[in-house]
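Below is one structure; the comments refer to it alone.
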Amino acid sequence: MFSLVTSGAVIGASSHLMQVETDLSSGLPGFSMVGFVSEQVKEAGDRVRVSLRNCGYTLPTGKITVNIAPADLPKRGMVIDLPVAAGILCCMGELEQISLDGVLILGELGLGGEVRPVRGVLPIVEEAVRCGFRTCLLPQGNVLEGAVAGGIRCVGIRDLPEMISYLKADPEEQARRWPDREIDVEQLLETADDAPPADFAAVHGQEGVKRAMEIAAAGFHNLLMVGPPGSGKSMMAKCLAGILPPLSREEALEVSRIYSIAGRLPEGEPLITRRPFQAPHHSVTVKAFSGGGAVPVPGIISLAHRGVLFLDEMPEFEKDALNILRQPMEDRRIVISRASGSVTFPAGFLLVGAANPCPCGYYPDRNRCRCTQVEIERYQKRIPGPVIDRIDLCVDVPRVPLDSILGEAKGESSAQIRGRILEARLRQKHRFAGTGTEFNADMTNAQVEQYCHLGGPVKKLMKQIYEGLGLGARGYTRMLKTARTIADLAGSADIQEQHLAEAAGYRFGGQ
């Protein structure tokens with residue numbers, strides 16, 4: 001007897017449908033699994049056998065062979081318990097092959113027959129939709145996640161007997177006992193809690209830092225804050241997350257895919273509706289930061305995709321971890337290469353760094369700072385130069401005067417700042433329509449030449465800035481991108497002298 005069941009797997013950030021072929025033939029009893037499978041995947045055979053027995057099904061004597069195709073794709077980390085069980089039951093005559101046609105089956109089996117959730121359901125179901133499948137049998141804990149994909153019937157299964165009952169039922173009974181779960185993505189986004197985690201209205205003073213954060217959010221420019229402890233760097237980083245534009249439908253699905261692959265979707269929330277905010281501790285390992293592992297999963301920098309990656313006490317991070325940022329800061333993706341192959345994860349984050357000016361944090365206040373000049377220079381050089389060069393905005397965060405803290409006057413709220421950012425983002429959307437570019441920070445060199453044209457007086461100022469700061473080609477291009485964002489916030493079609501001068505004020509030299 002032979003059966004064919006369709007399942008799926010995620011390799012890196014790509015989803016693939018897998019064919020689970022099962023054959024039951026006479027001969028010496030045995031169970032073998034082939035198709036470039038790892039030892040971890042082969043363990044599914046033991047779980048399936050015990051689960052079937054505990055649910056009242058006795059495996060026939062004979063040889064059971066399970067092949068997972070295509071054989072050229074590695075099957076590390078793939079969970080195929082439920083589709084293997086369905087294939088064996090079909091070979092035993094408990095299920096008909098026609099009931100399995102056009103059905104995608106995913107799930108891990110417990111020894112008692114319960115069906116447990118798995119990772120990567122959203123991208124796998126989306127692939128099933130593209131391939132024309134009509135039904136997905138999913139663990140009950142993943143059914144809402146699968147329903148987010150839309151265009152396919154998603155059925156939640158609690159245990160093995162329930163799957164058998166569903167596949168044996170006629171269409172009318174299936175529709176009555178297992179109603180389809182539908183998710184309106186647009187409604188989820190509209191009803192999402194949009195309240196900022198922290199509001200700029202609660203920040204006393206620091207108008208210069210707020211302005212830099214507004215520019216960063218408008219053009220997706222990387223930002224570094226340097227100031228003494230207690231000046232509000234961490235609080236303002238949290239405020240930044242509240243002035244970013246809301247996620248679009250496509251962005252929300254893209255972020256949710258990453259969290260699905262990582263197994264990090266919050267329980268009961270099938271869709272990420274707010275921009276991510278990742279703030280790892282400086283003791284984070286390089287692997288946790290970048291992602292990877294025996295079964296490649298997204299790291300922290302990928303979990304920050306479309307959102308904010310906040311590195312507090314940035315000089316305290318391992319130098320190897322900071323150097324990993326170089327590729328994603330430029331390409332908005334990270335490539336993880338291992339002996340078994342390479343995988344690519346999205347990593348389009350807005351980097352926000354916070355640093356003290358010296359090891360004790362109080363330089364240049366010599367009444368409190370006792371650091372030597374050598375210690376200060378060594379500390380400041382702990383952030384690699386190539387990473388510094390990819391940061392568009394550097395701003396000093398001074399100690400807040402007592403008058404600002406005691407004063408009753410409040411600054412602008414996050415909602416007011418966000419309004420200007422949305423207008424600037426709308427200008428960028430029209431400018432880059434159909435090009436694949438979204439933000440000023442992502443402009444190609446050709447787009448910089450097209451949209452950052454400098455008039456005579458502005459060009460003269462640029463020459464002075466270029467020589468005065470000792471800029472290189474990258475620094476020149478990144479400054480123009482920042483100036484373009486400042487002009488967008490001002491509603492100006494062209495870059496003016498004041499826009500370029502402000503952009504230059506946020507640079508700190510470099511290549």
Side-chain angles (χ1 to χ4, degrees), residues 5-20 73 77-80 82-83 86 100-108 115-158 162-163 166-167 171 174-175 178-192 246-276 297-298 302-303 305-306 343-346:
V5 180
T6 302
S7 188
V10 173
I11 302 175
S14 302
S15 54
H16 303 269
L17 297 188
M18 302 286 185
Q19 304 299 322
V20 180
L73 288 176
M78 181 180 177
V79 180
I80 56 168
L82 202 57
L100 300 172
D101 294 339
V103 179
L104 178 78
I105 301 179
L106 295 172
E108 177 186 345
V115 178
R116 295 170 177 162
V118 294
R119 295 187 296 110
V121 167
L122 176 56
I124 293 173
V125 173
E126 287 180 323
E127 183 66 20
V129 174
R130 285 190 288 268
C131 294
F133 280 73
R134 65 178 187 272
T135 305
C136 285
L137 298 187
L138 305 173
Q140 185 65 39
N142 292 127
V143 66
L144 292 179
E145 179 185 343
V148 166
I152 194 169
R153 174 175 166 79
C154 292
V155 179
I157 300 298
R158 294 178 176 82
E162 186 176 10
M163 181 194 73
Y166 176 85
L167 293 173
Q174 289 177 344
W178 294 274
D180 187 15
R181 303 301 298 266
E182 295 182 357
I183 297 293
D184 188 337
V185 174
E186 299 292 347
Q187 184 179 9
L188 276 181
L189 293 173
E190 290 175 2
T191 58
L247 288 171
S248 66
R249 184 182 190 277
E250 292 72 21
E251 289 174 332
L253 287 171
E254 186 179 11
V255 174
S256 297
R257 288 185 203 108
I258 298 171
Y259 277 71
S260 174
I261 294 169
R264 297 283 294 273
L265 278 175
E267 187 175 354
E269 297 181 22
L271 186 74
I272 301 295
T273 56
R274 299 186 64 176
R275 292 192 180 272
V297 294
S302 293
L303 295 174
H305 183 62
R306 299 286 184 185
V343 296
T344 301
F345 291 116

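Atom set for the values below is all heavy atoms of this structure, side chains included, hydrogens, waters and symmetry mates excluded. For reference, positions follow the sequence shown, starting with 1.
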**Prompt:** Would you call I80 and M18 a side-chain contact if the rule is heavy atoms closer than 4.5 Å?
**Reply:** no
**Item:** Among V129, L17, L137, V5, the one residue meeting side-chain contact (heavy atoms from CB on, under 4.5 Å) with L104
**Value:** L17
**Item:** Residue pair P266 / I272: nearest heavy atoms and the distance that separates them
**Value:** CD-CD1, 3.9 Å
**Item:** Side chains of I105 and S7 in contact at under 4.5 Å (non-hydrogen atoms)
**Value:** no
**Request:** Under the side chain to side chain contact (heavy atoms under 4.5 Å, CB included) rule, collect the residues that match up with T344, sequence neighbours excluded.
**Result:** R333, V335
**Prompt:** Is any side-chain heavy atom of L138 less than 4.5 Å from a side-chain heavy atom of V125?
**Reply:** yes
**Message:** Just so I know, are the side chains of I152 and F133 near enough to count as touching, which here means a heavy-atom distance under 4.5 Å?
**Reply:** yes
**Message:** In the structure I gave you, are the side-chain heavy atoms of W178 and V143 within less than 4.5 Å of one another anywhere?
**Reply:** no
**Request:** Flag the pair R119 / V297 as yes when at least one side-chain heavy-atom distance between them is below 4.5 Å, and no otherwise.
**Result:** yes
**Request:** Please list, chain by chain and in numerical order, all residues satisfying side chain to side chain contact (heavy atoms under 4.5 Å, CB included) with E186, sequence neighbours excluded.
**Result:** D184, R249
**Message:** With a 4.5 Å cut-off on side-chain heavy atoms, are R264 and P276 touching?
**Reply:** no
**Request:** Using a 4.5 Å cut-off on heavy atoms from C-beta on, say whether the side chain of V103 contacts that of T6.
**Result:** no
**Message:** Is it true that S260 and E145 share a donor-acceptor pair across their side chains at a distance under 3.5 Å?
**Reply:** yes
